[in-house]
Undergrad: 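Here it is: the structure, laid out below.
Numbered from 1 within each chain, the chains take letters A, B, ... in sequence-line order. The figures here come from the full heavy-atom set of this structure, side chains too, leaving out hydrogens, waters and symmetry mates.
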2 protein chains.
Amino acid sequence: MRDVFQAIADPTRREILGMIAYRSLNVNAVSGQFKISRAAVYKHIKILREAGLVEIKQEGRERFCHAKMEKLAVVSDWVEQYRKLWNQKLDSLEAYLEKLQNKK
Amino acid sequence: MRDVFQAIADPTRREILGMIAYRSLNVNAVSGQFKISRAAVYKHIKILREAGLVEIKQEGRERFCHAKMEKLAVVSDWVEQYRKLWNQKLDSLEAYLEKLQNKK
DNA sequence: TATAAATGAAACCTTTTGGTTTCACAATGC
DNA sequence: GCATTGTGAAACCAAAAGGTTTCATTTATA
């Protein structure tokens, strides 16, 4: 399974996710929003699916793309572990470490 | 300036950030932790710097890499806007939308 | 049934990535 | 002064990314 971080690295793919976040769309509806070819958009959708961020369900001849945002949890977890480093700049540990750093 | 999402897409770069999150290290200290060449690690550091995630300060002949985790805020913001979509699965809006989706 | 619509996938191309080795240079240390 | 240490950058490479056009297949429709 493809890395979620890598999947969301491309701006087009983030846009696709935003587009289907609240309502699923079929492949044509998604690709219609972009200037690049349908095939190119399809490849992006495929990558998102490989990362688990999108699920595709067939309905007749259409395939609807459903966003699985819970897969973003791994990104959230990674970022949040560092939040204290920029949110609580006056944190005592931070202050201590910075003092060490400057003294060096 | 380079896109932060793209900067953190590479696992080696995320590892570098974790390595210097709490204490700055010079380029050699960082590259010493990897099996790939110093030049390769240096390129990763350069990309992180271009994204604003790392700042380099010279001290004598050494260059210390300081992590600027606050630049991760853009990632945090993007992810968090979708948190309700997976955290509050019983949310009324969510339920309503899913009902619409299923009915279709 | 013949056409049109919606996709999936293949073949091909150019640019980016991620690595490597090598070389030049400034700051230190013997 | 000279060898060593710590870097930055260039030249080069193979593989991966991101696009394009084209073609085959399945499902609806006139």
Side-chain angles (χ1 to χ4, degrees), chain A residues 1-20 23-68 71 75 78 101 104, chain B residues 1-20 23-68 75 101 104:
Chain A
M1 178 153 296
R2 192 179 285 258
D3 181 14
V4 173
F5 285 90
Q6 198 247 326
I8 64 170
D10 186 277
T12 298
R13 289 197 286 271
R14 291 199 296 280
E15 207 175 328
I16 291 174
L17 280 180
M19 213 181 301
I20 63 175
R23 76 219 184 295
S24 304
L25 296 175
N26 65 37
V27 177
N28 266 347
V30 173
S31 70
Q33 302 297 311
F34 297 92
K35 289 169 302 186
I36 58 179
S37 70
R38 181 185 63 80
V41 173
Y42 179 71
K43 280 195 194 175
H44 284 303
I45 291 174
K46 198 169 160 190
I47 288 172
L48 289 170
R49 193 178 44 177
E50 287 169 3
L53 284 162
V54 164
E55 254 185 31
I56 297 185
K57 291 179 188 168
Q58 180 159 4
E59 279 185 44
R61 60 185 164 188
E62 299 172 82
R63 314 290 167 102
F64 282 85
C65 305
H66 304 269
K68 309 292 284 182
K71 282 299 168 62
V75 176
W78 185 77
Q101 207 51 238
K104 190 162 165 305
Chain B
M1 179 155 293
R2 192 179 283 259
D3 180 15
V4 173
F5 285 91
Q6 199 248 324
I8 63 170
D10 186 277
T12 299
R13 289 196 287 271
R14 291 199 296 280
E15 205 176 331
I16 291 173
L17 280 179
M19 212 182 299
I20 63 175
R23 75 221 184 295
S24 304
L25 297 175
N26 65 36
V27 177
N28 266 346
V30 173
S31 70
Q33 301 296 312
F34 297 92
K35 289 168 301 184
I36 58 179
S37 72
R38 181 185 64 79
V41 173
Y42 179 71
K43 281 195 192 175
H44 283 304
I45 291 174
K46 198 170 162 191
I47 288 172
L48 289 170
R49 192 179 45 178
E50 287 169 3
L53 284 162
V54 163
E55 255 184 31
I56 297 185
K57 291 180 188 169
Q58 179 160 5
E59 278 185 44
R61 62 184 162 188
E62 298 172 83
R63 314 290 166 101
F64 282 85
C65 306
H66 303 270
K68 310 292 285 183
V75 177
Q101 208 51 239
K104 191 166 161 304

Undergrad: Do any side-chain atoms of residues 31-42 of chain A form donor-acceptor pairs under 3.5 angstrom with protein atoms, and if so which ones, sequence neighbours left out?
TA:
{"residue": "A:Ser31", "atom": "OG", "partner": "A:Val27", "partner atom": "O", "Å": "3.4"}
{"residue": "A:Ser31", "atom": "OG", "partner": "A:Asn28", "partner atom": "O", "Å": "3.2"}
{"residue": "A:Ser37", "atom": "OG", "partner": "A:Ala40", "partner atom": "N", "Å": "3.1"}

Undergrad: How many angstroms lie between CG in B:Asn26 and CZ in B:Arg61, if you round to the nearest 0.5 Å?
TA: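 Interatomic distance, B:Asn26 CG to B:Arg61 CZ, rounded to 0.5 Å: 10.5 Å.
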Undergrad: Sugar-phosphate atoms are those with a prime plus P, OP1 and OP2; base atoms are the rest. Using that split, label each nucleotide of nucleotides 22-30 of chain C B, S or - for protein heavy atoms under 4.0 Å, 5' to 3'.
TA: -----BB--
Undergrad: In whole angstroms, how far is the C1' atom of C:dG8 from the CZ atom of A:Arg63?
TA: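 Atom CZ in A:Arg63 sits about 7 Å away from atom C1' in C:dG8.
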Undergrad: Does the side chain of A:Tyr42 get closer than 4.0 angstrom to OP1 or OP2 of C:dA9 through an N or O atom?
TA: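 Yes.
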Undergrad: Rounded to the nearest 0.5 Å, how far does SG of A:Cys65 lie from CD1 of A:Ile45?
TA: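 A:Ile45 CD1 to A:Cys65 SG: 4.0 Å, rounded to 0.5 Å.
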Undergrad: To the nearest Å, how far apart are B:Ile45 CD1 and C:dG18 C1'?
TA: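 These atoms are roughly 14 Å apart.
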Undergrad: For B:Phe64 and D:dG8, give me the distance from atom CZ to atom P, rounded to whole Å.
TA: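 Taking atom P of D:dG8 as the reference, CZ of B:Phe64 is at 12 Å.
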Undergrad: Please name the pair of heavy atoms, one in B:Ser24 and one in B:His66, separated by the smallest distance, quoted to 0.1 Å.
TA: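 Distance-wise, the nearest heavy atoms are OG-ND1, 2.6 Å.
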Undergrad: Indicate whether OP1 or OP2 belonging to C:dG19 is found under 4.0 Å from a side-chain N or O atom of B:His44.
TA: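 Yes, within the criterion.
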Undergrad: How would you list all residue pairs meeting ring pair (Phe, Tyr, Trp, His ring centres under 6.0 Å) that involve residues 1-20 of chain B, not counting sequence neighbours?
TA: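 Those involving residues 1-20 of chain B are B:Phe5-B:Trp78.
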Undergrad: Do A:Lys43 and D:dG19 have a side chain to base donor-acceptor pair shorter than 3.5 Å?
TA: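 Between D:dG19 and A:Lys43, which were checked side chain against base, a qualifying N/O pair under 3.5 Å is present.
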Undergrad: Which side-chain N or O atoms in residues 9-18 of chain B pair as donor and acceptor under 3.5 Å with protein atoms at least two apart or in another chain?
TA:
{"residue": "B:Asp10", "atom": "OD1", "partner": "B:Thr12", "partner atom": "N", "Å": "2.8"}
{"residue": "B:Asp10", "atom": "OD1", "partner": "B:Thr12", "partner atom": "OG1", "Å": "3.4"}
{"residue": "B:Asp10", "atom": "OD1", "partner": "B:Arg13", "partner atom": "N", "Å": "3.3"}
{"residue": "B:Arg13", "atom": "NE", "partner": "B:Ala7", "partner atom": "O", "Å": "2.7"}
{"residue": "B:Arg13", "atom": "NH1", "partner": "B:His44", "partner atom": "ND1", "Å": "3.0"}
{"residue": "B:Arg13", "atom": "NH2", "partner": "B:Gln6", "partner atom": "O", "Å": "3.3"}
{"residue": "B:Arg14", "atom": "NH1", "partner": "B:Ile8", "partner atom": "O", "Å": "2.7"}
{"residue": "B:Arg14", "atom": "NH1", "partner": "B:Ala9", "partner atom": "O", "Å": "3.1"}
{"residue": "B:Arg14", "atom": "NH2", "partner": "A:Asp3", "partner atom": "OD2", "Å": "3.3"}

Undergrad: Once rounded to the nearest 0.5 Å, what's the spacing between atom CD of B:Gln58 and atom CZ of B:Arg63?
TA: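 Spacing of CD (B:Gln58) from CZ (B:Arg63) equals 3.5 Å.
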Undergrad: What contact category does A:Arg49 fall into here, base, sugar-phosphate, or nothing, at under 4.0 angstrom with non-hydrogen atoms?
TA: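 No contact.
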Undergrad: Would you list the pairs meeting salt bridge (Lys or Arg N to Asp or Glu O under 4.0 Å) in which at least one residue belongs to residues 43-53 of chain A, sequence neighbours left out?
TA: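 Only A:Arg2-A:Glu50 qualify under salt bridge (Lys or Arg N to Asp or Glu O under 4.0 Å).
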Undergrad: Measure from CD1 on B:Ile56 to C1' on D:dT7 and round the result to the nearest Å.
TA: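 In whole Å, D:dT7 C1' and B:Ile56 CD1 are 10 Å from each other.
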Undergrad: Would you indicate whether the side-chain heavy atoms of B:Leu25 and B:Met19 approach each other to under 4.5 Å?
TA: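 With C-beta onward as the side chain, the pair touches.
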Undergrad: Near DNA chain C, which residues from residues 6-19 of chain B have a heavy atom under 4.0 Å away?
TA: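 Output list: B:Gln6, B:Asp10, B:Arg13.
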Undergrad: Distance check needed: D:dT21 P versus A:Ile36 CD1, whole Å only.
TA: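 Taking CD1 of A:Ile36 and P of D:dT21, I get 12 Å after rounding.
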Undergrad: Whole-Å distance between C:dA9 C1' and A:Glu50 CD?
TA: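 For the pair A:Glu50 CD and C:dA9 C1', the rounded distance is 13 Å.
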Undergrad: When you check the phosphate oxygens OP1 and OP2 of C:dT7, does a side-chain N or O of A:Asn28 lie under 4.0 Å from one of them?
TA: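 Affirmative; the distance criterion is met.
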Undergrad: In terms of side-chain heavy atoms of B:Ser37, which of D:dG8, C:dT21, C:dG8 is nearest?
TA: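 Closest of the options to the side chain of B:Ser37: C:dT21.
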